[in-house]
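Working notes for the structure below.
Each chain gets a letter, A, B and so on, in the order the sequences are listed, and its residues count up from 1. On a predicted model such as this, the values are computed, not experimentally measured, just so you know.
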Amino acid sequence: MNRVLITSALPYINGVKHLGNLVGSMLPADIFARYSRARGRETLFICATDEHGTPAELAALEAGQDVATYCAEQHEIQKALGERYGLSWDYFGRSSSIQNREITQHFARQLWKNGHLEVRTTRQVYSNAEKRFLPDRYVIGTCPHCGYERARGDQCENCTRVLDPTDLINPRSAVSNSPDIEIRDSAHLFLKQSLFVEQLRTWIDSHDKEWPALALSIARKWLDEGLKDRGITRDLEWGVPVPDDIADGQLKGKVFYVWFDAPIEYIAATKEWADANGKGNIWKSWWHDANDVTYWEFMGKDNVPFHTVGFPVTIMGSGEPWKLVDRIKGFNWMNYDGGKFSTSGKRGVFMDTALELLPADAWRYYLIANAPESADSNFTWDHFAGVLNKDLADVLGNFVNRVTKFCIARFDGKVPGEGVYGEDENTLIAEMDRRVAQYAEFMEQAEFRKALGELRAIWVTGNEYMTRAAPWTHIKTDRDKAAVGVRMGLNLIHVFSHLCWPVMPSMARVMHLAIQPIADNAEVLPWPDYPMAKALDELEAGQPITAPDVLFAKIADEQIAEWKARFG
RNA sequence: GGCACCGUAGCUCAGCGGUAGAGCAGGGGAAUCAUAAUCCCUUGGUCGGCGGUUCAAAUCCGUCCGGUGCUACCA
């Protein structure tokens with residue numbers, strides 16, 4: 001069996017992420033990882049905080065902390081939050097780790113040795129007020145085209161024209177508003193990406209059938225427009241230092257660009273995982289000469305170029321057999337009520353406040369069932385509440401409730417053993433076989449909206465069966481027949497819990513524990529990958545069951561109104 | 001400006017060359033075990049506009065309109 005390596009795009013260190021960030025990388029990666037483990041595959045799910053770059057330095061400044069302390073604190077916050085959402089990382093690392101420093105420097109040395117790097121002098125904006133270089137975006141001024149007064153040095157938000165900081169009228173620092181800025185020459189390392197165009201194109205074409213159109217079109221667009229060499233160093237203090245043995249120390253005091261070291265952190269975090277768990281060199285077997293590994297990357301569409309072009313060039317240029325991505329799953333944006341989620345604008349719902357409203361599983365279900373796979377999707381409170389009330393409360397929750405309550409009322413709260421499965425049951429079993437196979441196939445392809453549609457259809461199948469079996473009617477005249485319906489209902493709950501587990505791990509456990517203890521209190525609820533005739537006849541007669549508390553309480557109209565008012 | 005993606009029932013979306021589909025919402029009925037939850041039936045669309053290719057187009061091509069994103073120093 002092939003091993004499965006899964007990485008989620010790294011959340012930036014700068015504050016709590018919003019639900020759009022969650023649904024675009026971390027959540028789908030987690031669901032895929034859980035599915036993979038449920039199928040019994042050896043799985044490694046890696047994520048980390050992306051900690052370098054100007055925004056981190058400025059956020060630390062604003063918080064009155066040194067950047068290392070700031071990042072350490074924010075990392076812990078994001079880690080704890082992720083765990084509350086059930087994100088089952090094997091390791092949640094930090095791009096500022098010593099492991100990433102070493103491996104990033106290793107890649108840079110390889111690229112230098114192989115002649116893929118060169119030193120070029122560039123003109124950079126320097127702010128005397130802050131005594132630091134400023135990225136183009138952090139220089140603001142009046143747009144020469146449209147007169148907008150807060151145009152950024154890379155692009156004018158008002159007229160969308162691409163700019164250079166030197167184009168701006170009355171340029172000033174976006175950080176301090178100081179106009180005391182100047183242009184200085186600065187030497188930087190450039191990665192000669194242009195040398196890799198053909199190699200990249202061949203590689204991308206080889207994944208023509210596997211990658212979604214979104215990823216292919218973005219990747220090819222970069223190649224078609226002519227791949228430019230890319231500066232991979234910055235005039236910052238917080239980052240992976242450029243080693244002195246590259247370019248005779250010309251880059252002394254500079255650090256690698258955050259987008260150079262961030263994807264390498266996927267590898268480095270694997271080493272962090274091994275180091276933390278006494279696994280020695282095992283980390284390397286996942287990345288180096290790892291021909292038995294299928295590697296999946298999950299990311300938002302803004303990240304696609306870095307994963308289809310930038311990082312692959314780093315790996316190809318190293319001349320070493322590091323693992324390239326096999327399957328890319330890219331997501332569009334989830335919008336909030338017709339506009340963007342915005343971290344800086346504090347618009348939308350954030351991971352921490354969302355949990356004040358509803359449990360993680362409810363968010364996991366809604367978000368992934370409405371993931372922006374083929375196009376941007378839109379979060380509205382009415383849609384959110386409508387989907388959860390119908391799917392989780394009415395279809396699934398009520399199913400669990402009606403079956404367990406009836407069993408307790410009429411069969412002493414024990415799995416009834418009387419009677420044998422007949423035509424109704426065989427019809428159900430056949431449909432379950434078909435639907436579970438379909439659900440599995442969608443999960444294999446990481447087609448989450450379709451998978452969740454099928455999961456929901458599976459729950460509906462259960463309700464249809466109960467209507468046909470009608471044990472509440474048969475109990476009056478034929479106790480054995482009623483027993484068959486209840487026994488099948490309880491078996492369905494058991495199977496549902498296993499099928500739900502990748503998506504809603506906590507709710508799945510509640511469902512399972514109502515029907516049957518979990519053997520050895522295992523973390524993973526494995527996939528029922530054998531015929532439903534067996535899976536739906538597993539519970540032992542006499543096994544005591546309980547009716548769980550309401551799985552998901554319906555959201556009242558007044559509650560929706562309150563949330564709308566609170567979040568705008 | 002360039003490029004990409006999207007525009008299908010009131011809403012959220014699937015279908016992507018062969019007689020228009022799902023879920024929700026709306027209408028009617030059944031059932032009464034259950035969180036008044038379920039189940040069955042059903043009303044909704046000249047598939048953004050125009051033109052073309054084809055025996056056949058929601059599906060391919062062109063063009064226009066509308067929306068979104070990217071455009072390499074935010075990450």
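- As judged by a 4.0 angstrom heavy-atom cut-off over every strand, A:F552 is placed among the base-contacting residues.
- A:D50 places no side-chain N or O within 3.5 Å of a backbone atom of A:P11 that could act as its donor or acceptor partner.
- Taking the P atoms as reference points, B:rU68 lies 15 Å from B:rU12, given to the whole Å.
- In this structure, A:E447 places its CD atom 20 Å from P of B:rA22, rounding to the nearest Å.
- An OP1 or OP2 oxygen of B:rA37 is reached within less than 4.0 angstrom by a side-chain nitrogen or oxygen of A:K554.
- Distance A:N401 CG to B:rU38 P: 13 Å, rounded to the nearest Å.
- Contacts of A:N401 classified as side chain to side chain contact (heavy atoms under 4.5 Å, CB included), with partners at least two apart in sequence or in another chain: A:K405.
- In this structure, A:Y257 reaches the B:rA75 phosphate: one of its side-chain N or O atoms is under 4.0 Å from OP1 or OP2.
- Spacing of C1' atoms, B:rG18 relative to B:rC6, comes out at 26 Å, to the nearest Å.
- Spacing between atom CG of A:D154 and atom P of B:rC74 amounts to 5 Å, rounded to whole angstrom units.
- For the pair A:R137 CZ and B:rC74 P, the interatomic distance rounds to 5 Å; values are reported in whole Å.
- Of the charged side-chain nitrogens involved, none lies within less than 4.0 Å of a carboxylate oxygen, so that A:D235 and A:R184 do not count as a salt-bridged pair.
- Of the candidates B:rC39, B:rC74, B:rU68, B:rC39 carries the atom nearest the A:T467 side chain, counting heavy atoms from C-beta on.
- Listed by chain and number, the residues in a side chain to side chain donor-acceptor pair (under 3.5 Å) with A:E425 are A:Y465 (sequence neighbours excluded).
- In this structure, a donor-acceptor pair under 3.5 Å is present between the side chains of A:T166 and A:D164.
- Picking from B:rU12, B:rA72, B:rU38 the nucleotide with the shortest atom distance to the side chain of A:W222 gives B:rA72.
- Look at the P atom in both B:rG15 and B:rC60: the space between them is 12 Å, to the nearest Å.
- Separating the P atom of B:rG10 from that of B:rU46 is a span of 8 Å, rounded to the nearest Å.
- Side-chain N/O atoms of A:T49 and A:Q74 include no donor and acceptor closer than 3.5 Å.
- Base contact: A:G397 has a heavy atom under 4.0 Å from a base atom.
- Within the nucleic acid shown, A:V258 comes within 4.0 Å of sugar-phosphate atoms alone, with no base atom in reach, counting heavy atoms only.
- Pairing for B:rA22 goes to B:rU12, judged as Watson-Crick or G-U wobble with the two contacts each under 3.5 Å.
- Put simply, the side chain of A:E464 and the base of B:rC40 share no donor and acceptor less than 3.5 Å apart.
- Base engagement by A:F306 is indicated by at least one non-hydrogen atom pair under 4.0 Å involving a base atom.
- A:D394 contributes no side-chain N or O that forms a donor-acceptor pair with the base of B:rA37 under 3.5 Å.
- The nearest whole Å value for the distance from the CD atom in A:E454 to the P atom in B:rG23 is 12 Å.
- One C1' atom belongs to B:rG69, the other to B:rG29, and the distance between them is 48 Å to the nearest Å.
- Separating the P atom of B:rC11 from that of B:rG45 is a span of 13 Å, rounded to the nearest Å.
- B:rA9 and B:rA22: their C1' atoms are spaced 11 Å apart (whole Å).
- Phosphate contact (OP1/OP2 of B:rU35, side-chain N/O of A:K405, threshold under 4.0 Å): present.
- Applying the 90° cutoff around 0 to the glycosidic angle, B:rG10 is assigned anti.
- Summarising the base pairing, B:rA34 is matched to no nucleotide, lacking a Watson-Crick or G-U wobble pair whose two defining distances lie under 3.5 Å.
- At the heavy-atom level, A:R152 lies nowhere under 4.0 Å from the strands shown.
- Salt bridge status for A:D376 with A:K340: absent, with no side-chain N to carboxylate O gap under 4.0 Å.
- Base pairing of B:rC73: no nucleotide in any strand meets the Watson-Crick or G-U wobble criterion (both distances under 3.5 Å).
- Using a 4.0 Å heavy-atom distance criterion, A:L551 is classed as a base contact.
- Separating the C1' atom of B:rC40 from that of B:rU32 is a span of 15 Å, rounded to the nearest Å.
- Residue-level contact check: A:W333 touches the backbone only, with heavy atoms under 4.0 Å from sugar-phosphate atoms and none from bases.
- Aromatic stacking of A:F406 on B:rC33: not satisfied for centres closer than 5.5 Å together with planes under 30 degrees.
- Taking a cutoff of 4.0 Å between a charged side-chain nitrogen and a carboxylate oxygen, A:K329 and A:E373 qualify as a salt bridge.
- Using a 4.0 Å heavy-atom distance criterion, A:T404 is classed as making no nucleic acid contact.
- Taking the six-membered ring wherever Trp is involved, the centroid distance between the rings of A:F496 and A:F399 falls below 6.0 Å.
- A:T380 comes within 4.0 angstrom of nothing in the nucleic acid, heavy atoms only.
- In terms of phosphate contacts, A:R230 brings a side-chain nitrogen or oxygen within less than 4.0 Å of OP1 or OP2 of B:rC73.
- Within the nucleic acid shown, A:D382 has no heavy atom closer than 4.0 Å to any nucleic acid atom.
- Counting non-hydrogen atoms under 4.0 angstrom, A:K221 reaches a base of the nucleic acid.
- Distance CG (A:N332) to C1' (B:rC5): 7 Å, rounded to an integer number of Å.
- When rounded to the nearest whole Å, the span between CG of A:N303 and P of B:rC70 equals 12 Å.
- Mapping A:N370 and A:V460 onto RNA chain B by nearest heavy atom places A:N370 closer to the 5' end of the strand.
- Using a 4.0 Å heavy-atom criterion, one finds that A:I218 contacts no nucleic acid atom at all.
- For A:K450, no side-chain nitrogen or oxygen approaches OP1 or OP2 of B:rA22 to under 4.0 Å.
- Heavy atoms of A:P471 sit nowhere under 4.0 angstrom from any nucleic acid atom.
- The interatomic distance linking A:K254 (NZ) with B:rC73 (C1') rounds to 13 Å, in whole Å.
- In this structure, A:R456 reaches the sugar-phosphate backbone alone: every heavy-atom distance under 4.0 Å involves primed, P, OP1 or OP2 atoms, never a base.
- Nucleotide B:rA58 is matched to nothing when pairs are restricted to Watson-Crick or G-U wobble geometry with both distances under 3.5 angstrom.
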